[in-house]
Structure formats: C-alpha cells, structure tokens
Protein chains: 2
Amino acid sequence: MVILLSLFLIMPHQSLIHSIEQILPLTPGQKAILKEAFHTAEVKKKEVLLKEGEITKYSYFVVEGLLRMYATDDNGFDHNIQFAINGWWMSDMLSLLNQTPASFNIEAIEDSRLLTISQPGKESLLQTIPGLNIYFRQLSENALAAYQQRFAINLSLTAQERYGKLCERYPLLIQRLPQKHIASYIGVTPEFLSKMLNRPFNSK
Amino acid sequence: MVILLSLFLIMPHQSLIHSIEQILPLTPGQKAILKEAFHTAEVKKKEVLLKEGEITKYSYFVVEGLLRMYATDDNGFDHNIQFAINGWWMSDMLSLLNQTPASFNIEAIEDSRLLTISQPGKESLLQTIPGLNIYFRQLSENALAAYQQRFAINLSLTAQERYGKLCERYPLLIQRLPQKHIASYIGVTPEFLSKMLNRPFNSK
DNA sequence: GAAAGCAGTTAATCCAGGTTAAGTGTAACT
DNA sequence: AGTTACACTTAACCTGGATTAACTGCTTTC
C-alpha cells in the first residue's frame with residue numbers, strides 16, 4: 001500500500017491503470033496509449049476546476065486529494081452533490097455528455113493531483129481500446145447504485161440518521177471534510193448540524 | 001410512431017432493439033441472439049416484481065406500461081425512488097450488481113409488458129456481443145446525469161419548485177401518476193401536496 | 001347495489017430544521 | 001504582532017412541511 005502510494009507520486013498514471021486493471025487486464029501497449037490520453041494536473045486548495053455555466057471540457061480522476069462538486073441556489077447557498085477522493089472520478093455528467101452549460105461547480109477542498117481527459121479524447125480512447133467500455137460501464141453502474149441508495153436515505157431518514165449513514169459508509173472521508181461541507185451534503189444548514197452534534201448525550 | 005407501437009404489441013423485442021439501434025447498429029444475427037436472451041413478461045397493475053430483502057434476479061426493460069421502485073421506511077411509509085415507462089430500464093442496481101438483498105421494491109402501477117434478463121444472462125450477452133457494453137455504458141451515464149440533476153433539485157429547491165421541475169421534465173409521466181406517487185417522489189406527504197396544489201392562486 | 005376500499009381534501013396542531021444575529025477560537029496573510 | 005477572515009457555536013424566534021383525524025367522492029368487489 002505504501003509502495004503503491006509512493007509510486008503514484010512519481011507516476012500518477014499508475015493510479016488510474018491500477019483502477020482499470022481491477023476490472024480488465026491491459027497490455028503494455030494499451031498502458032502506453034492511456035498515458036498519452038490522460039494529462040496530469042495539480043490544483044491548489046480552493047482552486048476551481050469547473051464553473052457553473054461553462055461547458056464541461058474534462059472528466060477528472062483523482063490521484064491524490066479531495067474535490068467537491070456543488071450547485072449554487074438562487075440565494076447563493078452551496079449544495080454539495082458529491083465528493084471525490086483518491087481513485088474516484090468526478091464530472092458534471094449532463095454537461096459533459098450533452099456539451100451544455102454546467103449546472104455545477106467543481107472545486108478542490110485539498111491540494112490535489114488529477115488526471116484529466118477531454119470528452120473527444122475519451123471517445124477516441126474508447127474506439128482505440130474498446131475494452132474500456134467495460135470499465136466505464138461498471139464505473140457508471142456502481143455510481144448509479146450509490147445514487148439510488150443515497151436517494152432512499154435522503155427521502156426516508158432524518159438529518160441525524162443521514163449523518164449516521166454517511167459516517168458509516170465513508171468514515172475516512174468525513175474526517176477530512178470541514179463540517180459545513182458535510183452539512184451541505186446531507187442537506188441541512190451548518191448551524192443545524194452544529195446544534196445536532198452538540199445535543200446533550202447526542203440523544204435520539 | 002403508431003406503426004412502431006403496434007409492432008411492439010406483436011414483437012416486444014423490437015422495442016428493445018429499437019432502443020439499442022439508436023446507439024449502435026445490430027446485425028440480423030445479433031438481433032436473433034437478443035431475442036433469445038430476453039424473456040417477455042406481462043404483469044398486472046399492483047403486481048410486485050421485486051420485494052425488499054430478495055436477491056434481485058432480473059433487469060427490467062419496459063416495453064409498455066409503468067413501473068415504480070420504492071423504499072419502505074421504519075414507519076411503513078413508501079418513498080418512490082424512480083419510475084419507468086416505455087423504453088426505460090429499471091433495477092435495484094446495488095442488489096443486482098452485488099447479488100445482495102434488495103433495499104427496494106418494484107411494482108407495476110399500470111398493466112405492463114416487460115422484457116427481463118437475468119444478471120448472468122446479461123453478462124454472457126455482453127461477452128457474446130461486446131458492442132452492447134457501449135449501449136449499457138451510455139445508458140448508465142445518462143441515468144447518472146439525471147440522478148445528479150435530481151440531487152441538485154432536491155437539495156436546493158422547495159417542494160413547490162420540485163413539483164414544477166418534475167412537470168417540466170416529464171409532462172407525460174405526471175399525467176399517468178396518481179398524486180400520492182408524485183408526492184412520495186418529490187419527498188412530501190400526499191396531504192401536503194394536495195394543500196400545495198390547492199393553495200389560492202397557487203401563489204409563490 | 002350495498003359495502004368496503006382507496007385517492008384526494010381540509011383543517012388543527014406540532015416539530016424538525018431554517019433564519020438571523022452575535023460571539024468565540026483559530027488559521028492565514030501583512 | 002496585529003488584523004482579517006473564516007469555521008464553528010449558541011440562542012431566540014420562525015416556518016415549511018408532518019401528523020392526525022375527519023370527511024368526500026370514486027372504484028372495485030361481491
């Protein structure tokens with residue numbers, strides 16, 4: 001594990017290749033193609049990767065770091081739609097697929113190292129290595145499964161319970177997230193989350 | 001359009017083939033394989049296709065009709081996660097992919113004609129016709145885009161606005177849905193939706 | 001064609017969570 | 001070192017939507 005991490009520092013593409021090889025084997029030639037297709041990017045904390053209204057150019061794969069994607073409402077409040085840590089993908093899918101203006105913003109919560117690929121780049125990559133359709137299919141299917149579960153949680157549980165589920169499912173993530181971003185993700189105000197967490201005995 | 005509909009009555013697989021051919025061409029041989037791989041099913045209104053706790057066996061493709069997928073909370077209330085009409089797919093993805101007990105129920109709201117395929121069936125079909133990975137990838141990616149958008153809506157808008165968005169996006173669907181199912185989908189009680197819709201001037 | 005259900009309505013009361021505002025602690029820039 | 005800025009807390013008050021319950025049609029069923 002430590003060895004893998006330090007590998008990614010020198011060769012960030014290894015992180016992606018590792019992710020893909022969980023699902024399908026890659027030949028050395030294919031690995032070389034992948035390294036060509038993806039560009040590396042380093043972003044600082046608070047740096048913005050995508051602004052609402054722009055046309056999404058890239059899909060992002062997080063090698064190291066932490067991103068958030070959020071929508072801004074009419075009153076200027078943020079609502080976190082998704083986070084992405086090491087090994088996760090992030091993109092405004094609607095804007096990416098249809099090349100329409102994004103409804104979301106993407107921002108780095110921590111300094112992050114990313115791999116990026118443009119939508120045309122991804123499409124031609126899929127032509128060159130059709131096997132990657134399997135990888136991306138499974139990726140989307142798993143994400144879909146997670147979204148369905150999260151919808152059930154949001155529709156049927158109280159804020160307290162939603163918080164509990166989040167801690168259960170992503171214990172490492174919450175430790176890296178400022179409280180206000182957790183609040184925004186589970187759909188309450190930072191004030192209410194604070195009150196909730198400091199309730200006597202944290203009862204109920 | 002009318003011609004297509006009547007075709008589906010006699011040959012329900014045409015509906016699926018039509019859906020796939022929007023994305024990739026199929027040879028006559030492949031079409032024959034598809035017809036073998038999918039089984040037809042007819043279900044009556046209120047018939048249950050999947051019960052919470054069961055292991056999901058099938059993915060469902062709706063040829064004609066209307067399904068809903070819902071979670072039941074600790075107090076016995078339903079929460080609609082998704083609907084599916086003609087040409088849409090439906091499944092509890094987590095249960096299907098991991099072969100774990102389902103957290104959702106699937107039920108017919110109208111008499112429906114379906115195509116079903118088991119998970120092993122789908123996997124061997126993908127081996128036989130690898131091109132279908134493209135179809136299923138795009139299917140999941142589009143569904144993902146829709147879920148992201150819906151999350152933004154649910155986190156940032158009021159019930160009134162959520163209702164408005166639903167009408168905007170799926171005007172045909174709401175006409176076929178009993179009000180209580182709309183309420184459950186947008187995350188309010190039937191009582192509140194009724195009050196909301198009958199507010200003087202439907203103001204605000 | 002009575003009876004039983006079920007979908008929708010109305011209204012009174014209640015509460016989870018929002019809003020506003022002021023305060024504290026700590027990290028970050030000069 | 002001092003100031004700014006932001007994360008978090010606390011508390012008073014407010015409100016969108018829940019809960020309960022009673023009532024009004026419609027269907028469905030026998």
Side-chain angles (χ1 to χ4, degrees), chain A residues 44-48 66 68 70 72-80 83 107-111 153-166 173-204, chain B residues 44-48 66 68 70-80 83 107-111 153-167 173-204:
Chain A
K44 289 275 167 205
K45 194 171 166 170
K46 297 211 166 179
E47 208 170 313
V48 173
L66 175 53
R68 74 179 177 116
Y70 63 96
T72 303
D73 69 21
D74 297 341
N75 307 314
F77 291 107
D78 288 359
H79 303 274
N80 288 328
F83 301 110
E107 189 193 275
I109 295 180
E110 301 174 357
D111 294 355
I153 287 168
N154 271 36
L155 286 174
S156 46
L157 302 183
T158 64
Q160 179 86 247
E161 294 166 323
R162 257 137 53 205
Y163 181 80
K165 286 281 180 184
L166 181 62
L173 180 61
I174 36 156
Q175 286 166 36
R176 290 162 70 177
L177 285 175
Q179 205 167 292
K180 60 167 187 169
H181 284 150
I182 300 177
S184 163
Y185 182 84
I186 63 176
V188 297
T189 57
E191 291 88 348
F192 183 73
L193 180 58
S194 170
K195 179 165 65 171
M196 203 181 84
L197 294 177
N198 295 312
R199 252 181 328 224
F201 326 131
N202 207 12
S203 58
K204 193 172 168 201
Chain B
K44 288 274 166 207
K45 194 171 168 170
K46 298 213 165 176
E47 207 170 315
V48 172
L66 174 52
R68 73 181 179 117
Y70 62 97
T72 303
D73 70 20
D74 296 342
N75 307 314
F77 291 106
D78 289 358
H79 303 274
N80 288 329
F83 302 109
E107 189 192 275
I109 295 180
E110 301 174 356
D111 294 354
I153 288 167
N154 271 34
L155 286 174
S156 46
L157 303 183
T158 63
Q160 178 86 246
E161 293 166 323
R162 259 140 51 208
Y163 180 79
K165 286 280 180 187
L166 181 62
C167 294
L173 180 61
I174 36 155
Q175 286 166 35
R176 290 163 69 177
L177 285 175
Q179 204 168 292
K180 59 166 189 172
H181 284 150
I182 300 177
S184 163
Y185 182 87
I186 64 177
V188 297
T189 56
E191 291 86 350
F192 183 73
L193 180 58
S194 169
K195 178 164 66 174
M196 204 181 85
L197 294 177
N198 296 313
R199 262 198 298 240
F201 326 130
N202 207 8
S203 59
K204 194 174 168 200

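Keep in mind that what you see is a predicted model, and the values were worked out from it rather than measured. The figures here come from the full heavy-atom set of this structure, side chains too, leaving out hydrogens, waters and symmetry mates. So that the names make sense, note that chain A is the first sequence line, chain B the second, and so on, each numbered from 1.
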Can you measure A/Leu157 atom CG to C/dG17 atom C1' for me and round it to whole angstrom units?
16 Å

Tell me the bend of the helix from C/dG1-D/dC30 to C/dT30-D/dA1 as the angle between end helix axes, each from five pairs, rounded to the nearest 10 degrees.
50°

If you check every side-chain atom of B/Thr158, which of D/dT9, D/dG17, C/dT10 has the closest atom?
D/dG17

B/Gln179 side-chain N/O to C/dT9 phosphate OP1/OP2 under 4.0 Å
yes

Say you draw a straight line from CZ of B/Phe83 to CG of B/Leu166; how long is it, rounded to the nearest 0.5 Å?
7.5 Å

Round to a whole Å and report the spacing from CG of B/Asp78 to P of C/dC6.
13 Å

Could you state the CE-P distance from A/Met196 to C/dA16, rounded to the nearest angstrom?
13 Å

Taking the side chain as everything from C-beta on, heavy atoms only, tell me whether B/Tyr163 gets closer than 4.5 Å to B/Val188.
no

DNA chain D-proximal residues of residues 183-193 of chain B, any heavy atom under 4.0 Å:
B/Gly187, B/Val188, B/Thr189, B/Glu191, B/Phe192

Any chance you could list the contact pattern along nucleotides 25-30 of chain D? Use B for base contacts, S for sugar-phosphate-only contacts and - for none, protein heavy atoms under 4.0 Å, 5' to 3'.
------

One should read off an interatomic distance between B/Leu157 CG and B/Lys165 NZ, to the nearest 0.5 angstrom, of 6.5 Å

Can you figure out which of D/dC8, C/dG8, D/dC6 approaches the side chain of A/Lys46 most closely?
D/dC6

To the nearest 0.5 Å, what is the distance between OG (A/Ser156) and CZ (A/Arg162)?
9.5 Å

Closest nucleotide among D/dT10, C/dA7, D/dC8 to the A/Pro178 side chain:
D/dC8

For A/Leu155, is there any backbone N or O sitting under 3.5 Å from a side-chain donor or acceptor partner on B/His79?
yes

Rounded to whole Å, the CG-P distance (A/Leu177 to D/dC6) equals 19 Å

Please state how far atom CG in B/Leu197 lies from atom P in C/dA7, giving the value in whole angstrom units.
17 Å

Measuring from B/Asp78:CG to B/His181:NE2, what's the distance to the nearest 0.5 Å?
6.5 Å

For A/Thr158 and A/Glu161, test the side chains for any donor-to-acceptor distance below 3.5 angstrom and give the result as yes or no.
yes

Rounding to 0.5 Å, atoms CZ (A/Phe77) and OG1 (A/Thr72) come to a distance of 11.0 Å

When rounded to the nearest 0.5 Å, the distance separating CG of A/Asn80 from CD1 of A/Ile186 is 11.0 Å

Can you tell me which residue among A/Glu47, A/Glu110, A/Glu107 is in a salt bridge (charged side-chain N to carboxylate O under 4.0 Å, His left out) with A/Arg68?
A/Glu107

In whole Å, what is the span from the NZ atom of B/Lys180 to the P atom of C/dG5?
15 Å

Is there a donor and acceptor pair closer than 3.5 Å between the side chain of B/Lys195 and the base of D/dG16?
no

Measure the distance from CG on A/Asn198 to P on C/dT24 and round it to the nearest whole Å.
17 Å

What verdict does the side chain to side chain contact (heavy atoms under 4.5 Å, CB included) test give for A/Leu177 and A/Leu173, after you've listed the backbone C-alpha separation in whole Å, the side-chain angles of each residue and the deciding distance to 0.1 Å?
CA-CA 6 Å; A/Leu177 285 175; A/Leu173 180 61; 3.8 Å; yes

Could A/Asp111 and A/Lys45 be called an ion pair, given the rule that one side-chain N must be under 4.0 Å from one carboxylate O?
no

